[in-house]
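Here's the structure we're looking at; comments come further down.
Numbers here simply count residues along the sequence, with the first being 1. These numbers were taken from a predicted model, which means no experiment stands behind them.
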Amino acid sequence: MVPTIGGLCVQLPRVPPARRAEESRMTRVIPAPVSVEPDRGADFELTAEAVIRVGGGAEEVGEYLAGVLRPSTGYALPVVRGGGAAGISLELGDVGAELGAEGYRLDVGTAGVDLRANTAAGLFAGVQTLRQLLPAEVESATAQPGPWPVEGGRVVDYPRFAYRGAMLDVTRHFFTPEQVKRYIDQIALYKVNHLHLHLTDDQGWRIEIERWPRLTTHGGTEVGDGPGGSYTKAQYRDLVSYAASRHITVVPEIDLPGHTNAALAAYPELNPDGVAREPYTGIEVGFSCLDIDSDVTYRFVEDVLTEVAELTPGPYLHLGGDEALQTPDADFIRFFDRVLPIAQATGKQVVAWHEFLKVESATSVVGQYWGNPAAPDNTADALVRSALDRVDKIIMSPANKSYLDMKYDEDSPLGLKWAGYVEVDAAYDWDPADFVDGLPEAKVLGVEAPLWSETLENSDHIEYMAFPRLPAIAEIGWSPRSTHDWESFRARLAEQAPRWAHRGIGFYRSPKVDWP
């Protein structure tokens, strides 16, 4: 019987044949590490007597690692301070400034595994590599027979870009806290360190705002006939905390001044004519806008941004700013001239889509590029170039490369195609440092893979669209440019399939990859 994933027929991969003796798993990791020195004479085997030793500050990562390994191995793997039986050692200390805040050094010898980093975030990144050095069965939620060899050698690794993000649109369709947590765990596997939550749009308002309660009670609709929903403050705080435990920073987005029909339906005073809009459950864009001339609008914006900033300990606050097609440029600029100081007063670093960059008062902000250079009406590149002396950094999310909601091909049962078809090789075949002429690498904060949810209704749909393309974007953000090689990546990607199967991740079996 062939299993189905959200109504899609999916063939689970077979476990690949045994690797040739001269090959090491250290050379098959995604994202590709900076430096790998295999030593097959120093292999280690994890046994039932093993412990996880932690130094000061490494306890939380140690418990996380134990939580990953215990279900599949069936071993106790106690997390202990100090010495003990052979096993895995996690230590914080000075491993060199070049490794930075997220780098790590991983040594595997016959006596055990030694993982060291400057910070807990570095240890966490190293743990994701360690998982890939173990057999694929380690990802199972139930006990497997083993054995559990770890191939010997050394990995020295650190990220190319500081910001490596995934965006989840919870507005077109609402995803429960449990579904968001599932995605958090999946993106953490590939060293993604930011989760951009698109919390408000025409179709729904997903975050509780105490001063404006009808935003969620009246604005919680979604595309089609689904039930919609929203997050209470407690649920949102829990999501932020859960992400932080995986060393992922949540970036909340309140989209302004367009993409606001849910708010306009909840509060008539936000409309220029004082008449509440009807709830919207379609997928067209660009028709909504707040009342630019009303003081009520700016009180609303201040209340919302203040509450969201207070709920989010991370440094970023995303203001949207895209596709405000009903707002003339002069009004758009006038709106953000008033809103930008309000947002900056929260103490957050302002982020916005690239259209925001036409606001000349916007300095020391982070722009997010979603342009499609192949489109005949592309103006994004010129806009980014014109603002380079004002903006702090740019996050690269080109729609024809990194948008995970684009169809793979004409037969894809999910997704849209306005930016073209995006197969996994297209998602991998680009570089943030030369994608936009005139945008130097020093101005690139990192990359992000947005996943819009017009056609996505559940976790199975999310996974089908994100895998295998999410690991491609993750490698672009983490790995040195010198390691970028499609033939190498497609071979390494194929070896992820058994791991996804053990984790219950349904994925698209791209014909570009020789799956096992």
Enumerate the side-chain hydrogen bond (donor to acceptor under 3.5 Å, both in side chains) contacts for residues 470-479, please, sequence neighbours excluded, ordered by first and then second residue. D157-W478, Y428-E475, E475-R492
Evaluate E307 against R211 for salt bridge (Lys or Arg N to Asp or Glu O under 4.0 Å), listing each step before the verdict. CA-CA 9 Å; E307 287 197 37; R211 297 183 183 95; 3.3 Å; yes
Aromatic ring proximity, centroids under 6.0 angstrom, [Y] and [X]:
{"X": "W353", "Y": "H198", "value": "no"}
{"X": "F335", "Y": "Y298", "value": "yes"}
{"X": "Y104", "Y": "Y158", "value": "no"}
{"X": "F507", "Y": "Y464", "value": "no"}
{"X": "W205", "Y": "F174", "value": "no"}
{"X": "H484", "Y": "F489", "value": "no"}

Within 6.0 angstrom of [X] [atom1], more than 12 heavy atoms from elsewhere:
{"X": "E60", "atom1": "CD", "result": "no"}
{"X": "E360", "atom1": "CD", "result": "no"}
{"X": "K512", "atom1": "NZ", "result": "no"}
{"X": "E278", "atom1": "CD", "result": "no"}

Kindly determine whether E102 and K191 satisfy salt bridge (Lys or Arg N to Asp or Glu O under 4.0 Å), including the steps that lead there. CA-CA 9 Å; E102 294 183 276; K191 303 182 177 69; over 6 Å; no
Any side-chain donor near an acceptor of the partner, [X] and [Y], under 3.5 Å:
{"X": "E253", "Y": "H196", "value": "yes"}
{"X": "Q235", "Y": "E208", "value": "no"}
{"X": "S453", "Y": "D169", "value": "yes"}
{"X": "D291", "Y": "T297", "value": "no"}

Evaluation steps, side chain to side chain contact (heavy atoms under 4.5 Å, CB included), between T346 and L317: CA-CA 9 Å; T346 68; L317 181 60; 3.9 Å; yes
Would you check if the side chain of N400 reaches a backbone N or O of N372 as a donor-acceptor pair within less than 3.5 Å?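 No, N400 side chain to N372 backbone: no donor-acceptor pair under 3.5 Å.
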Sidechain N-carboxylate O distance under 4.0 Å for [X], [Y]:
{"X": "E441", "Y": "R160", "answer": "yes"}
{"X": "D337", "Y": "R334", "answer": "no"}
{"X": "K181", "Y": "D238", "answer": "yes"}
{"X": "K233", "Y": "E210", "answer": "yes"}

State, to 0.1 Å, how close [X] and [Y] come at their nearest heavy-atom pair, and which atoms those are.
{"X": "M396", "Y": "V444", "result": "CG-CG1, 4.0 Å"}
{"X": "L325", "Y": "G286", "result": "CB-O, 3.4 Å"}
{"X": "A188", "Y": "I248", "result": "CB-CD1, 4.0 Å"}

As an exercise, state the distance from [atom1] of [X] to [atom2] of [Y], rounded to the nearest 0.5 Å.
{"X": "H218", "Y": "W212", "atom1": "NE2", "atom2": "CH2", "answer": "14.5 Å"}
{"X": "D425", "Y": "W430", "atom1": "CG", "atom2": "CH2", "answer": "14.5 Å"}
{"X": "R182", "Y": "I462", "atom1": "CZ", "atom2": "CD1", "answer": "9.5 Å"}

Test side-chain contact (heavy atoms from CB on, under 4.5 Å) applied to L319 and V339, I254, V301, the passing residue: V339
Does the side chain to side chain contact (heavy atoms under 4.5 Å, CB included) test come out yes or no for L357 and V384, once each step is laid out? CA-CA 7 Å; L357 299 180; V384 166; 4.1 Å; yes
Test salt bridge (Lys or Arg N to Asp or Glu O under 4.0 Å) applied to D405 and R469, step by step: CA-CA 10 Å; D405 54 296; R469 292 180 291 192; over 6 Å; no
Taking it one step at a time, do I207 and T216 satisfy side chain to side chain contact (heavy atoms under 4.5 Å, CB included)? CA-CA 7 Å; I207 180 71; T216 50; 5.9 Å; no
Can you tell if the side chain of [X] reaches within under 4.5 Å of the side chain of [Y], non-hydrogen atoms only?
{"X": "R164", "Y": "H194", "value": "no"}
{"X": "V156", "Y": "V34", "value": "no"}
{"X": "D255", "Y": "T260", "value": "no"}
{"X": "Y408", "Y": "S510", "value": "no"}
{"X": "M167", "Y": "L195", "value": "no"}
{"X": "D381", "Y": "Y369", "value": "yes"}
{"X": "V223", "Y": "T281", "value": "no"}
{"X": "L451", "Y": "M465", "value": "yes"}

Please step through side chain to side chain donor-acceptor pair (under 3.5 Å) for the pair Q132 and Q496, ending with a clear verdict. CA-CA 9 Å; Q132 294 188 45; Q496 297 295 305; 3.1 Å; yes
Would you please name every residue forming a side-chain hydrogen bond (donor to acceptor under 3.5 Å, both in side chains) with R206, sequence neighbours left out? none
Yes or no on salt bridge (Lys or Arg N to Asp or Glu O under 4.0 Å) for R277 and D273, after CA distance, side-chain angles and deciding distance? CA-CA 10 Å; R277 299 297 180 257; D273 59 6; 3.1 Å; yes
If the condition is side-chain contact (heavy atoms from CB on, under 4.5 Å), which residues does E323 pass it with, not counting sequence neighbours?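 E323 satisfies side-chain contact (heavy atoms from CB on, under 4.5 Å) with H259, V285, E355, W370 only.
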Fit a plane to each ring of W500 and W515, take the angle between them on a 0 to 90° scale, and name the class: parallel (under 30°), tilted (30 to 60°) or perpendicular (over 60°). tilted
Apply side chain to side chain donor-acceptor pair (under 3.5 Å) to residues Y163 and E448 and explain how you reach the verdict. CA-CA 8 Å; Y163 187 107; E448 184 175 288; 2.7 Å; yes
Could you give me the CA-CA distance, side-chain angles and deciding distance for F287 and Y280, then say whether ring pair (Phe, Tyr, Trp, His ring centres under 6.0 Å) is met? CA-CA 11 Å; F287 60 88; Y280 182 68; 4.7 Å; yes
Cation over ring, K401 on F435, under 6.0 Å and within 45°? no
Looking at Y242, I'd like to know if the NZ or CZ of R246 sits under 6.0 Å from its six-membered ring centre while staying within 45 degrees of the ring's axis.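 Pair R246/Y242 counts as cation-pi.
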Evaluate side chain to side chain donor-acceptor pair (under 3.5 Å) for Q368 paired with H318, printing each intermediate quantity in order. CA-CA 10 Å; Q368 185 164 1; H318 204 301; 3.0 Å; yes
Going through the checks in order, is the side chain to side chain contact (heavy atoms under 4.5 Å, CB included) test met by I187 and L470? CA-CA 8 Å; I187 66 177; L470 176 73; 3.5 Å; yes
